[in-house]
Amino acid sequence: MRIMGIDPGIAIVGFGLIDKQGSRLVPVQYGCIQTEAHTDSAVRLKMVYDSMVQLIDTYKPDAIGIEKLFFNRNVTTAMAVSQARGVLILAAIQKGLMIGEYTPLQVKQAIVGYGKAEKKQVQEMVRMFLHLSAVPKPDDVADALAVAICHAHSCTMQQKIDEVHKR
């Protein structure tokens with residue numbers, strides 16, 4: 001199963017693709033989509049959408065995990081990121097992909113085992129889970145891989161639940 005994790009944003013969208021091979025998680029590709037700061041927001045959203053469609057067409061994920069937003073300060077930033085998140089979800093749905101949505105707390109719990117873990121702890125666990133030589137940069141990329149890992153764990157749990165219900 002190929003899973004794409006997404007850390008949504010308007011300036012930087014982190015993405016990470018992993019293959020779930022039994023209990024192993026294998027990194028396929030990771031990086032970010034970037035848009036220029038002083039570009040019209042509608043143009044930036046189209047750039048995010050088009051880039052996501054291209055990534056989906058290129059890497060053909062079976063499922064997508066995306067981080068839910070949590071903002072408590074800057075409403076303007078929250079609105080822009082929400083719009084970007086919307087076009088990312090639209091791209092996935094139009095390609096027929098199932099989407100899992102996870103709060104930062106759920107991602108931290110799945111990766112570190114503690115919902116209030118620090119960012120550096122999550123990044124180091126991503127590096128270890130995927131046997132990477134270094135923590136992916138920028139932080140948005142490591143966050144996207146963490147979402148992909150969280151989704152992989154979630155899928156595994158759901159499969160086990162489904163098996164129990166079939167008995």
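The figures here come from the full heavy-atom set of this structure, side chains too, leaving out hydrogens, waters and symmetry mates.
Environment of NZ in K68: crowded, with over 12 heavy atoms of neighbouring residues, nucleotides or ligands closer than 6.0 Å. Crowding of Q94 atom CD: a count of heavy atoms from other residues, nucleotides or ligands under 6.0 Å exceeding 12. For Q21, the CD atom is densely surrounded, since the number of other residues' heavy atoms within 6.0 Å is greater than 12.
Remark: side-chain polar atoms of R44 are paired, donor with acceptor, to backbone N or O of E36 under 3.5 angstrom. For S154 (side chain) and C150 (main-chain N/O), no donor-acceptor pair under 3.5 Å exists by modelled atom type. Although no hydrogens or angles enter the test, the distance criterion places a donor-acceptor pair under 3.5 Å between the side chain of R85 and the main chain of E67. Looking only at distances, no side-chain donor or acceptor of R127 sits under 3.5 Å from a matching main-chain atom of A134. With K95 contributing its side chain and A92 its backbone, the two residues share no donor-acceptor pair below 3.5 Å.
Within the structure, side-chain hydrogen bond (donor to acceptor under 3.5 Å, both in side chains) contacts touching residues 3-19 (residues at least two apart or in different chains) are R2-D19. Evaluation of the ring pair (Phe, Tyr, Trp, His ring centres under 6.0 Å) test over residues 107-149, restricted to residues two or more places apart or in two chains, returns F129-H153.
Closest non-hydrogen pair, I18 versus A152, comes out as CD1-CB, 4.3 Å. When all heavy atoms are compared, the tightest approach of L132 to P27 is CD2-CG, 3.9 Å. In terms of heavy atoms, I64 sits closest to L97 at CD1-CD1, 3.7 Å. The two residues L145 and G16 come nearest to each other via the heavy atoms CD2-CA, 3.6 Å. When all heavy atoms are compared, the tightest approach of A148 to I3 is O-CG2, 3.8 Å.
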(message) Let's go through D62 and K20 carefully: what are the C-alpha distance in whole Å and the side-chain angles of both, what is the deciding distance for side chain to side chain contact (heavy atoms under 4.5 Å, CB included) to 0.1 Å, and is it a yes or a no?
(response) CA-CA 11 Å; D62 299 302; K20 184 176 180 300; over 6 Å; no
(message) Quick one, I10 with S41, criterion side chain to side chain contact (heavy atoms under 4.5 Å, CB included). Give me CA distance, side-chain angles, the key distance, then yes/no.
(response) CA-CA 8 Å; I10 189 68; S41 63; 5.7 Å; no
(request) Go through the steps for Y30 and V126 under the test side chain to side chain contact (heavy atoms under 4.5 Å, CB included), then give the verdict. (result) CA-CA 12 Å; Y30 49 89; V126 165; over 6 Å; no
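Hydrophobic clustering, with ILVMFWY side chains joined whenever heavy atoms are under 4.5 angstrom apart, keeps M98 apart from I56. In the hydrophobic cluster analysis, where Ile, Leu, Val, Met, Phe, Trp and Tyr join through side-chain heavy atoms closer than 4.5 angstrom, M4 is grouped together with I99. Note on V26 and L130: separate hydrophobic clusters, where clusters join Ile, Leu, Val, Met, Phe, Trp and Tyr whose side-chain heavy atoms are under 4.5 Å apart, directly or indirectly. Hydrophobic clustering, with ILVMFWY side chains joined whenever heavy atoms are under 4.5 angstrom apart, groups M52 together with L17. At a threshold of 4.5 Å between side-chain heavy atoms, the hydrophobic network of Ile, Leu, Val, Met, Phe, Trp and Tyr places V112 and V141 in one connected group.
Once rounded to the nearest 0.5 Å, the distance linking CG of D143 with SG of C32 reads 11.5 Å. How far CD1 of I66 is from CD of E101: 7.0 Å, rounded to the nearest 0.5 Å. A distance of 9.5 Å separates OG1 in T58 from CD in Q29, rounded to the nearest 0.5 Å.
Not counting sequence neighbours, K116 has no partner by the salt bridge (charged side-chain N to carboxylate O under 4.0 Å, His left out) test. Applying the salt bridge (charged side-chain N to carboxylate O under 4.0 Å, His left out) rule to D40 yields no partners; only residues at least two apart in sequence or on another chain are considered. The salt bridge (charged side-chain N to carboxylate O under 4.0 Å, His left out) test applied to K120 returns no partner, not counting sequence neighbours.
The side-chain contact (heavy atoms from CB on, under 4.5 Å) test with V13 is passed by exactly one of T35, V81, V48: V48.
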Side-chain donor-acceptor pairs under 3.5 Å in residues 104-111, sequence neighbours left out?
{"residue": "Q106", "atom": "OE1", "partner": "T103", "partner atom": "N", "Å": "2.7"}
{"residue": "Q106", "atom": "OE1", "partner": "T103", "partner atom": "OG1", "Å": "3.4"}
{"residue": "K108", "atom": "NZ", "partner": "A117", "partner atom": "O", "Å": "3.3"}
{"residue": "Q109", "atom": "OE1", "partner": "G115", "partner atom": "N", "Å": "3.3"}
{"residue": "Q109", "atom": "NE2", "partner": "G113", "partner atom": "O", "Å": "3.3"}

